[in-house]
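For the numbers below, each heavy atom of this structure counts, side chains included, while hydrogens, waters and symmetry mates do not. Sequence lines set the chain letters: A, B, ... in the order given, protein chains first and strands last, and positions in each chain run from 1.
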2 protein chains.
Amino acid sequence: MSKCEQCIVRQLNSLNSLSKEELIKISSCKTSRKIKKGEVIFDEGEHLNGVYCISDGVCKVSKMSSNGREQIIHLVNKGDILGERSLISDEISNLKATAINDMEICFIPRDEIIKDLKQNSDFSMNVLKDMALSLKNADNLIVDMAQKTVKQRLAEMLLNLNEKFGSNIDNVLNIHLSREDIANIIGTATESAIRLLSEFKKDEIISLKGKNISLLDTQKLKKIAQGF
Amino acid sequence: MSKCEQCIVRQLNSLNSLSKEELIKISSCKTSRKIKKGEVIFDEGEHLNGVYCISDGVCKVSKMSSNGREQIIHLVNKGDILGERSLISDEISNLKATAINDMEICFIPRDEIIKDLKQNSDFSMNVLKDMALSLKNADNLIVDMAQKTVKQRLAEMLLNLNEKFGSNIDNVLNIHLSREDIANIIGTATESAIRLLSEFKKDEIISLKGKNISLLDTQKLKKIAQGF
DNA sequence: TTTATAACATGATATTTGTCAGTTTATGCT
DNA sequence: AGCATAAACTGACAAATATCATGTTATAAA
């Protein structure tokens, strides 16, 4: 099994402030796991007895509304940590995590992380900063959901996907989402999301080939996102 | 000037895990301030060089959307801490805080808190838990904003106000908000908020006398909030 | 390849919500 | 008290969005 202290993924997240000894300790008790596309990593109401460090792949983190519709809160990428919120408050999870494509993830048991949080103040400050950033992003999302139209949110989401996952030489986004997932990110009906994508395509702001989306005019997308 | 180690308000928030010595130190460098209703405590883009501990009164924490409308993210009550997010990430504030009624607040400088965060792991764990809770609430709000109708959100907000601020013997909510603030909490136009309040009143779910709102049928409100 | 199933797409229509315009009521100030 | 201003309210209409129905295309399994 590969070792945490040599893992490149680790450099990307708050685990990078751990000492070599702490990493070796974590390495010895972590478990690695492969997840198939569509598989549920954990569901709402489950007790997470640790955190996941994403070695490869992408998953969606979502919550069911009382109306019976799924809302995707955010996407978690390679190098990100998953489940820290529930770890810290030691509650059952309020969110569900589902693989968007095939993944490889490492599970680190709760006690190990908690011990390091108490002993290593650099680490706990780093986790605090992570949480502070998540909170800022969440606040921004609240404002967008409450105040922006679906069209604005779609434009903004496309820009965010480009930012987070990048695109290849032909401007095709490196992430492939179903239309339903897109709708569940921006909080609208699948049909509405499809309609607006078609409209963007007609206006030559994006191009569509199945799940391949490429951004042709990011300037225009930015303007739409801001309400023009 | 009153002393932190004797302050009752402190018991309510994460400062309660500080030692007597740490509290005395904080007490010596804190400053107390009175804020008038409507006054801005800090604005978006300002650098907060510390946190505020609310001794008395209520303020709204909001953000301007690019559409030019204010979205209220949450209300901060007596006993709560204000500004910890910006403190931890050491960034300019992304939010604005405005007094809803006359307030009394204590300002604690950044360096003092940061020092304690690094030295006192109980305290930093407590702050982590606070942030984790805020994050959970933010996630729930995202789902509500994205998936629920304005009517559902209004019903839910009324229940939340009752939960957080309580009501007097006649079921009148202990908090008085303008119709505009109510609209900015649930993310709708002021006219829509007024219309729905009138509808609730007509249906005898609430009663209205100016800014005095009383909840007559919380069961029905709960059902509406959940989509029936 | 054929076939079954799910995903994608589009039109028609209903519902929700925002906007504008105007009226009434409350509030603060001299 | 009287006046000026802001807040609360109501109606009419327009715009945004959801829902339902139905057709088409992609995908996976036999």
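Between Asn101(B) and Met103(B) the shortest heavy-atom distance is O-CG, 3.2 Å. Nearest heavy-atom pair across Asn174(B) and Ser167(B) is ND2-N, 3.5 Å. When all heavy atoms of Asp170(B) and Ser214(B) are compared, the pair lying nearest together is O-CB, 3.9 Å. Between Val76(A) and Val61(A), the shortest heavy-atom contact is CG2-CG2, 3.6 Å.
With rounding to whole Å, Arg179(B) atom CZ is found 12 Å from dT25(C) atom C1'.
Residues from residues 210-228 of chain A that place a heavy atom under 4.0 Å from any atom of DNA chain D: there are none. Looking at residues 171-178 of chain A, you'll see Ser178(A) sit with a heavy atom under 4.0 Å from some atom of DNA chain C.
In the helix from dT1(C)-dA30(D) to dT30(C)-dA1(D), the rotation axis of the first five pairs and that of the last five pairs differ in direction by 50°, rounded to 10 degrees.
Among residue pairs with one or both ends in residues 175-196 of chain A, none qualify as ring-ring contact (aromatic ring centres under 6.0 Å, His included); sequence neighbours excluded. Legend: salt bridge (charged side-chain N to carboxylate O under 4.0 Å, His left out) pairs involving residues 95-110 of chain B, not counting sequence neighbours, sorted by first then second residue: Lys34(B)-Glu104(B), Asp90(B)-Arg110(B). Every pair passing salt bridge (charged side-chain N to carboxylate O under 4.0 Å, His left out) that includes a residue from residues 147-157 of chain A is listed here, sequence neighbours excluded: Asp144(A)-Lys148(A), Lys148(A)-Glu156(A), Lys151(A)-Glu199(A). Within the structure, salt bridge (charged side-chain N to carboxylate O under 4.0 Å, His left out) contacts touching residues 206-218 of chain B (residues at least two apart or in different chains) do not occur. Screening residues 173-198 of chain B for salt bridge (charged side-chain N to carboxylate O under 4.0 Å, His left out), with sequence neighbours left out, gives Lys60(B)-Asp181(B). Identified under the side chain to side chain donor-acceptor pair (under 3.5 Å) test for residues 78-89 of chain B, with sequence neighbours left out: Arg85(B)-Ser89(B), Arg85(B)-Glu91(B), Arg85(B)-Asn94(B).
The structure places CG of Asn13(B) at 11.5 Å from CG of Leu82(B), a figure rounded to the nearest 0.5 Å. Rounded to the nearest 0.5 angstrom, Lys220(B) NZ and Phe200(B) CZ are separated by 10.5 Å.
Proximity of a side-chain donor or acceptor of Gln147(B) to a complementary backbone N or O of Glu70(A) within less than 3.5 Å is detected.
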In 5'-to-3' order, the base (B), backbone-only (S) or no-contact (-) status of each nucleotide in nucleotides 10-19 of chain C, using a 4.0 angstrom heavy-atom cut-off, is BBB----SBB
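Qualifying side-chain contact (heavy atoms from CB on, under 4.5 Å) partners for Ala146(A), counting only residues two or more places apart in sequence or in other chains: Gln71(B), Met145(B).
Close approach of DNA chain D to chain B, defined as any atom under 4.0 Å from a non-hydrogen atom of the protein, starts and stops at dA7(D) to dA12(D).
Taking a 6.0 Å sphere around CD of Glu163(A), one finds it holds 12 or fewer heavy atoms contributed by other residues, nucleotides or ligands.
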